[in-house]
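Read through the structure below, which is laid out as C-alpha cells, and then see the notes.
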Amino acid sequence: MFISSLLLRFEQKGHGIPESLINDVKNITQKFFDLPYEEKIKIKLTPATGYRGYQRIGENITKGIPDMHEAIDCYKEIQEGMYGALGKTMEGCNQWPLNPPNFRALMEEYVNLCTDLSRKIMRGIALALGGSPFEFEGVRAGDAFWVLRIIGYPGLSGAKDQKKPENNIGCGAHTDYGLLTLVNQDDDITALEVRNMSGEWISAPPIPGTFVCNIGDMLKIYSNGLYESTLHRVVNSSPKYRVCVAYFYETNFDAAVEPLDICKQRTGETKQFGRAVYGEHLVSKVTTNFVM
Ligand SMILES: N=C(N)NCCCC[C@H](N)C(=O)O
Ligand SMILES: O=C(O)CCC(=O)C(=O)O
Ligand SMILES: [Fe+2]
C-alpha cells in the first residue's frame with residue numbers, strides 16, 4: 001500500500017473488493033450513458049426526488065461554472081421525518097434505471113462492499129491519529145451516510161473551440177464533503193488532478209484494480225487539520241468518453257462534527273475548525289450545485 005500525504009491509494013492487494021466487480025460497475029455505467037437521452041431522462045434528478053437521479057451535461061455547476069459531466073446521484077435513503085427539518089431536502093428514494101438490466105443490484109452490492117471497506121480504513125485512520133480504532137463509530141459514523149456518483153465525462157470533440165482542455169473541465173476544483181472517497185476511475189485515461197501543497201496540479205493516473213482515496217471536509221475538521229481535504233478536479237483531454245464511479249463515505253447524517261481531543265492535543269490547540277453538522281453541509285452544497 002502506497003500512502004502519501006495528499007492522497008491515499010489502496011492497491012488491489014488486500015482491499016477485498018473483487019476486480020471483476022470494480023470493472024463491472026464501470027462497464028454498466030458506460031452502457032447507461034450510451035443510451036439515448038430520452039431513456040436517461042426517465043430518472044431525472046430534481047429537488048422533488050431528493051436530488052437523486054440523472055443530471056445531464058452542464059447541469060452540475062462548480063463555483064458557478066457548468067461541469068462537463070453527466071451523472072446519476074444516489075444517497076443512502078432517508079425516510080420521511082427521519083431527521084426532521086434537517087433531512088427534508090434529501091428525503092426520497094433512489095432512482096435506478098431499469099435499463100441496462102441488473103444496474104441496481106450491481107450498484108447496491110458495490111455500495112455494501114465500499115461501505116465495509118471504508119469503515120475499515122477509518123479504523124486505521126483513527127489509530128493513526130492516536131485514538132481508539134472506534135473513534136468513527138457511534139454518533140460520529142456508526143450509521144455512516146453514503147453517496148454514490150455514477151459519472152460520465154465526454155472526451156474532447158473535433159470542434160476547434162472545444163479542443164482546448166480549458167473548455168472541457170469535467171468537474172471544477174472542489175473538495176469532497178464527508179470523511180473519505182473511493183474513486184473507481186476508468187483505466188487508460190488520466191483526467192483526475194489533485195492540487196499539492198505548492199499549488200501545482202498533479203495527475204492521479206488510474207492504476208487498474210485500485211481506488212484513489214480522497215479525504216473529505218468532515219475528516220479535516222475531526223483531525224483538526226492533520227488531514228487536509230484535498231482540492232481536486234477532472235479534465236478529460238482525451239478523445240475518449242471517460243466513466244468514473246465515486247463512492248463517498250460520510251459521517252452520520254446528523255453528526256455534529258468538531259475536532260477530536262486527541263487531534264487538538266497533537267496540533268497544540270492552535271488551528272481551530274468550527275463545528276459543522278454534516279447534513280447541513282451536504283444540503284448547502286446540493287442546493288447550490290444545480291442549474292435546472
Ligand atoms: N458529493 C460530492 N463530493 N460531490 C462532488 C461534486 C463536486 C462538484 C460540485 N458541483 C461541487 O461544487 O461541490
Ligand atoms: O471523476 C473523478 O475521477 C472524480 C470525481 C469527483 O471528484 C467527484 O465526483 O467528487
Ligand atoms: Fe470529488
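In what follows, every heavy atom counts, from backbone to side chain, and hydrogens, waters and symmetry copies are set aside. Throughout, numbering of the chain's residues begins at 1 and tracks the sequence. Computed from a predicted structure; not experimentally measured. Just so you know, ligand 1 is whichever comes first in the structure, and atom 1 is the first atom listed for that ligand.
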TODO: Give the intermediate values and the outcome of side chain to side chain contact (heavy atoms under 4.5 Å, CB included) for residues Arg195 and Trp201.
DONE: CA-CA 4 Å; Arg195 206 174 66 170; Trp201 288 101; 3.8 Å; yes
Open item on the list: Once you measure the plane-to-plane angle for Phe253 and Tyr278, does it fall in the parallel (<30°), tilted (30-60°) or perpendicular (>60°) bin?
Closed with: perpendicular
Task: Result of checking Asp176, Thr181, Thr175 against His232 for side-chain hydrogen bond (donor to acceptor under 3.5 Å, both in side chains) - done: Asp176
TODO: Decide whether Asp34 and Gln30 meet the rule of one side-chain donor and one side-chain acceptor closer than 3.5 Å.
DONE: yes
- [ ] State the atoms of ligand 2, each with its element, that fall below the 4.0 Å cut-off from a heavy-atom position in His232.
- [x] 7 (O)
Task: Sub-4.0 Å heavy-atom contact, His69 with ligand 2 - done: no
Open item on the list: Distance alone, cut at 3.5 Å: any donor-acceptor contact between the side chains of Asn184 and Tyr110?
Closed with: yes
Open item on the list: Can you name the atoms of ligand 2, numbered from 1 with element, that are less than 4.0 Å from a heavy atom of Phe248?
Closed with: 8 (C), 9 (O), 10 (O)
Task: Asp176: its N/O/S atom lying closest to the Fe ion (ligand 3) (atom name) - done: OD1
Open item on the list: Any heavy atom of Thr175 closer to ligand 1 than 4.0 angstrom?
Closed with: no
Task: Mutual orientation of the aromatic rings belonging to Trp96 and Phe103 [parallel < 30°, tilted 30-60°, perpendicular > 60°] - done: tilted
Open item on the list: What I want to find out is whether Lys76 reaches Glu250 closely enough, with some N-O distance under 4.0 Å, to be called a salt bridge.
Closed with: no
TODO: Determine whether the side chain, the backbone, both or neither of Asn214 has a heavy atom under 4.0 Å from any heavy atom of ligand 2.
DONE: neither
TODO: Could you say whether the N/O atoms of Thr62 and ligand 1 ever approach to under 3.5 Å?
DONE: yes
Task: Partner of His69 under side-chain hydrogen bond (donor to acceptor under 3.5 Å, both in side chains), chosen from Arg56, Arg149, Arg242 - done: Arg149
Task: Proximity of Asp176 to ligand 2 by residue part, where a heavy atom lies under 4.0 Å - done: side chain
Task: Pair Lys264 + Asp261: basic N to acidic O under 4.0 Å - done: yes
Task: Residue, atom name and distance, where the atom is the protein heavy atom closest to atom 4 (C) of ligand 2 - done: Val234 CG2, 3.7 Å
Open item on the list: Using a 4.0 Å cutoff against the non-hydrogen atoms of Asn60, which atoms of ligand 1 qualify?
Closed with: 9 (C), 10 (N)
Open item on the list: Out of all atoms in ligand 2, which are within 4.0 Å of some heavy atom of Arg149? Include the element for each.
Closed with: 9 (O)
Task: atom 3 (O) of ligand 2 [closest protein heavy-atom partner, distance rounded to 0.1 Å] - done: Arg242 NH2, 2.8 Å
- [ ] Answer yes or no: does an N/O atom from Arg149 fall short of 3.5 Å to an N/O atom of ligand 1?
- [x] no
Open item on the list: Angle at the Fe ion (ligand 3), NE2 of His174 to NE2 of His232, rounded to 10 degrees, please.
Closed with: 90°
Open item on the list: Taking 4.0 angstrom as the limit and counting only heavy atoms of Val183, give me the atoms of ligand 2 inside it, by number and element.
Closed with: 3 (O)
Task: Pair Phe211 and Tyr247, ring centroids less than 6.0 Å apart - done: no
Task: Protein contact of atom 2 (C) of ligand 1 - nearest heavy atom, named by residue and atom, plus distance - done: Tyr177 CE1, 3.5 Å
Open item on the list: Geometry only, no angles: is His174 polar-contacting ligand 1 at N/O separations under 3.5 Å?
Closed with: no
- [ ] State whether the shortest distance between N or O atoms of Tyr153 and N or O atoms of ligand 2 falls below 3.5 angstrom.
- [x] yes
Task: Donor on one side chain, acceptor on other, Ser229 and Asp217, under 3.5 Å - done: yes
TODO: Examine Ile61 against ligand 1 and note whether any of their N/O atoms are separated by less than 3.5 Å.
DONE: yes
Task: Contact (N/O only, under 3.5 Å) between Asn289 and ligand 1 - done: yes
TODO: Can you sort out which atoms of ligand 1 are near Asp67, meaning under 4.0 Å from one of its heavy atoms?
DONE: 10 (N)
Task: side-chain hydrogen bond (donor to acceptor under 3.5 Å, both in side chains) partner of Tyr54, chosen from Glu59, Gln95, Glu70 - done: Glu70
